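Remember, predicted model here, so these are calculated numbers, not experimental data. All ligand and atom numbering here is 1-based and tracks the order in the structure.
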Amino acid sequence: MNEQFAIAIHGGAGTLHRERFSQSVVQQYEKALRQALQAGLHILQNGGRSLDAVETAVMELEDCPFFNAGRGAVFNADGGHTLDAAIMDGSTLAAGAVAALSGFKSPIQVARAVMERTRYVLLSGQGAAEFAREQGMEEATADYFYTDLRYHQWKKKQENERDQSADLNFGTVGAVALDKEGNLAAATSTGGLTNKQYGRVGDSPIIGCGTYANNNTCAVSCTGDGEHFIRAVAAYDISCLIEYKLLTLPEACAYSIQRLEKINGRGGLIAIDRWGNIQMPYNSEGMYRACCNVNGEITIRIFE
Ligand code: ASP
């Protein structure tokens, strides 16, 4: 037992225009991040599992309408919401995920149920919803997911479909943690990209791309342009750089972001290693993020 614990969370990276953030908006976001961080931290302080800490922190963020996950998720092209989520236990490499799930409040809870109650890793679409219903997961109607902000972003995006810069309304929430037993875990939940079509699924529920955890290396949760994170196999890449190339966590994260940049990928990630070192790099203008390190020091930031 190492007795040390630490946690990091994110609420997405993307084109966050600093000039559009008044002091009171910044404070609202910081408050929401603090609340989610504290929820996860509370579990770790009491000797709970990192898996429970990341799930709980992500559930808090899913419930908060400011972030693109659960309530407040972005709109699809057809006006609906389809949600992706994944969770991974670094002690066993067990993982569970859902893709294109509609009608349930907490996709991360469903992902955890996939991990613990099925022999599968990833369930999608109607099948995922059928499973969630069978498991008695809390359902939600379309109006639960509606927010004015996302509605206006969607309308704007539809008007500027060809303007790629209008596409960068990233969101996504995630958490990574180390518990007192030395176990790492990662969780990610998202509404994906505004105005997405054709059953598009991003990196978040793809193990190794947007989410990964392995006690021997690190736990990672990504946010950003999912197609690039999938092509870069970003989360697993960081784990591999530590395992095979013996890089430190900061080196591995920096290298991985560089590789992402080579294919014009934008976004960020949070990562924690087995000693509780935390990294929260991004190459977008900002990333909603917060962490508590092994010394109990709390950091909450949106921009630099
Ligand atoms: N990575 C997510 C996706 O592509 C989006 C995001 O992080 O905002 O689905």
Within a distance under 4.0 Å of any heavy atom of T223, pick out the atoms of ligand 1 and give their elements. 6 (C), 7 (O), 8 (O)

So between D203, T190, T194, whose heavy atom ends up nearest atom 3 (C) of ligand 1? D203

Among G192, G202, G224, closest by any non-hydrogen atom to atom 2 (C) of ligand 1: G224

Hey, could you give me each pair passing salt bridge (Lys or Arg N to Asp or Glu O under 4.0 Å) that has a residue in residues 230-241? Not counting sequence neighbours. D237-R259

Please state whether the rings of Y151 and F75 are parallel, tilted or perpendicular, taking 30° and 60° as the class boundaries. perpendicular

Side-chain donor/acceptor of R71 to backbone N/O of P65, under 3.5 Å: no

Step through the shown structure and confirm whether more than 12 heavy atoms of other residues, nucleotides or ligands are within 6.0 Å of CZ on F303. yes

Please tabulate, for side-chain N and O atoms in residues 121-134, each donor-acceptor pair with protein atoms closer than 3.5 Å (sequence neighbours left out).
| from | atom 1 | to | atom 2 | distance (Å) |
| --- | --- | --- | --- | --- |
| R133 | NE | E139 | OE2 | 3.2 |

Test your reading of the structure: does T172 have an N or O sitting under 3.5 Å from an N or O of ligand 1? yes

Any nitrogen or oxygen of R200 lying under 3.5 Å from a nitrogen or oxygen in ligand 1? Just yes or no. yes

Whether K196 lies under 4.0 Å from ligand 1, heavy atom: no

